[in-house]
Amino acid sequence: MKAILHKRYGSPEVLEYGDVPKPEPKDDEVLIKVYATTVTSADCNVRSLVFAPKLAKFPARLYFGLKTPRFSILGTEFSGVVEKVGIDVKNFKKGDAVVGVPGLSFGAHAEYICLKGDSVVVKKPQNISFEQAASFSFGAHTSLFFLRDKAQVKKGDKVLIYGASGCLGTFAVQLAKYFGAQVTAVCSTANIDAMKDLGADTVIDYKKEDFTKRDEKYDIIYDTVGKASVSKSRKVLKDDGVYLSAYFRFADIFYSIVTGITKKRKVLLVGEAKETKEDLVFLAGLMEKGAIRSVIDKTYPLEQTAEAFRYVEEGHKKGNVVINIIQGETE
Ligand SMILES: NC(=O)c1ccc[n+]([C@@H]2O[C@H](COP(=O)([O-])OP(=O)(O)OC[C@H]3O[C@@H](n4cnc5c(N)ncnc54)[C@H](OP(=O)(O)O)[C@@H]3O)[C@@H](O)[C@H]2O)c1
């Protein structure tokens, strides 16, 4: 089968479009023909071994492979169709259209993938395209983890999403609206209309205005891209408010611990989102009823995946970048 091979760490040039044997499912696995997948920030981090914080590079090597990558095919999320089912798998049958999240086990940048029947794979909602199905789980899972699990967002909360136009941000805007919050999206001029389309009540253009200078105070501030400053943002955070960051910065964590001790309140909540089947079912349900959707910036064929990585690493994509493996059947 064709796949994008990740044999060394480095810039997108290390990725090779090549052939590897088609996998064969074990008794407890399903073989899935991948229709579409994405290039996410996680794929970029692991390919280049560049992490925030920088010191994470050393423990990361232990997991991702000391000298050469442990995962020779990247790709954290996909949609596709079940082609073969192991004899112990009872919840899928040949021909089922599915959405899957190998997450940090990767493997979706290929024509086929084998996963256990009880892994994070669910039926694809029939009314959404394979492109849409491939590109919601990474960003939506992460923002669900921060907004619902870490901050317990609720109806009426005033929520500010910083970096609202990215993968995490576009889902954060929609999920916060779904939970009944009043949403302020911070993005650049080019993305203002898109944020309104996603349901944001207020949009602030970070190129023209500093959101920390407004009089408004927020229950939750969620920095999806690690570009807002915790110390400045605190000025517009309510006394019992929560500051979330998807991006680890030691300076912010240190600042938060110190102010948390001295002011007796918790300001910064960081963490690593973990995908679960239960959450994927919940999010697929939101996709099915149109409560959330994936914003797709660009699509590429599998052989141009390195080009897709280059684009993602420019840091200005809108929502998601999709790799279409089965051309013509993904829309
Ligand atoms: N903790 C976790 O579990 C977890 C999970 C997933 C990802 N992450 C981390 O979350 C971060 C974001 O991931 P992502 O996939 O959402 O990134 P992304 O989609 O690549 O983010 C791109 C977006 O960031 C916006 N942006 C860039 N500079 C900005 C600035 N100064 N102010 C406001 N917006 C700015 C861009 O908008 P403009 O073009 O308008 O600038 C663009 O739309 C990554 O660092 C990733 O490693 C953490």
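Each ligand, and each atom within it, is numbered from 1 in the order the structure gives.
Near Asn45, with a cut-off below 4.0 Å to any heavy atom, the atoms of ligand 1 are 47 (O). In summary, the atoms of ligand 1 found under 4.0 Å from a heavy atom of Phe146, numbered by their order in the structure, are 1 (N). Set against the non-hydrogen atoms of Tyr247, the atoms of ligand 1 under 4.0 Å away are 45 (O). Atom numbering of ligand 1 starts at 1 in the shown order; those under 4.0 Å from a heavy atom of Gly166 are 19 (O), 21 (O), 22 (C), 23 (C), 43 (O). Listed by atom number, the atoms of ligand 1 under 4.0 Å from Asn191 heavy atoms are 40 (O). Numbered from 1 in the order shown, with element, the atoms of ligand 1 that lie under 4.0 Å from a heavy atom of Ser188 read 38 (P), 40 (O).
Counting protein heavy atoms only, atom 38 (P) of ligand 1 is closest to His316 ND1, 3.4 Å. What sits closest to atom 5 (C) of ligand 1 on the protein, heavy atoms only, is Thr142 CG2, 3.3 Å. Counting protein heavy atoms only, atom 8 (N) of ligand 1 is closest to Ala246 O, 3.8 Å.
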Verdict with supporting geometry, Ile32 and Val98, side chain to side chain contact (heavy atoms under 4.5 Å, CB included): CA-CA 8 Å; Ile32 301 161; Val98 293; 3.9 Å; yes
Verdict with reasoning, Phe138 to Phe171, per side chain to side chain contact (heavy atoms under 4.5 Å, CB included): CA-CA 10 Å; Phe138 177 80; Phe171 285 110; over 6 Å; no
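Across Thr224, Asp223, Val225, Thr170, heavy-atom proximity to atom 11 (C) of ligand 1 is greatest for Thr224. The residue from Lys318, Glu272, Lys317 that puts a heavy atom closest to atom 43 (O) of ligand 1 is Lys317.
For Asp219, the salt bridge (charged side-chain N to carboxylate O under 4.0 Å, His left out) criterion is met by Lys238, not counting sequence neighbours. Contacts of Tyr178 classified as side chain to side chain contact (heavy atoms under 4.5 Å, CB included), with partners at least two apart in sequence or in another chain: Phe282, Leu286, Lys289, Ala291.
Annotation: side chain of Ser137 is in contact with side chain of Leu280 (closest heavy-atom distance under 4.5 Å). Side-chain contact between Val321 and Thr38 is absent, with no heavy atoms from C-beta onward closer than 4.5 Å. Here the side chains of Ile73 and Leu5 are in contact, with some heavy-atom distance below 4.5 Å. In this structure, His6 and Ser72 have side chains that are not in contact, with every pair of non-hydrogen atoms separated by 4.5 Å or more.
In terms of N/O distances under 3.5 Å, ligand 1 is not approached by Phe138. Looking at ligand 1, you won't find any N or O of Val312 less than 3.5 Å from one of its N or O atoms. Close N/O approach between Ser41 and ligand 1 is found [any backbone or side-chain N/O within under 3.5 Å]. For the pair Leu168 and ligand 1, the shortest N or O to N or O distance falls below 3.5 Å. On a distance-only criterion, Phe248 and ligand 1 share no N/O pair closer than 3.5 Å.
At least one cation-pi condition fails for Lys274 and Phe145: the charged atom is not both under 6.0 angstrom from the six-membered ring centre and inside a 45 degree cone around its axis.
Assignment of Gly271 to the shell around ligand 1 is supported, since a heavy atom sits closer than 4.0 Å. In this structure, Ala42 falls outside the shell of residues with a heavy atom less than 4.0 angstrom from ligand 1.
Glu131 and Asn324 share a donor-acceptor pair across their side chains, judged by distance under 3.5 Å alone.
Note on ring orientation: taking the six-membered ring where Trp is involved, the planes of Tyr162 and Phe211 are tilted (angle from 30° to 60°).
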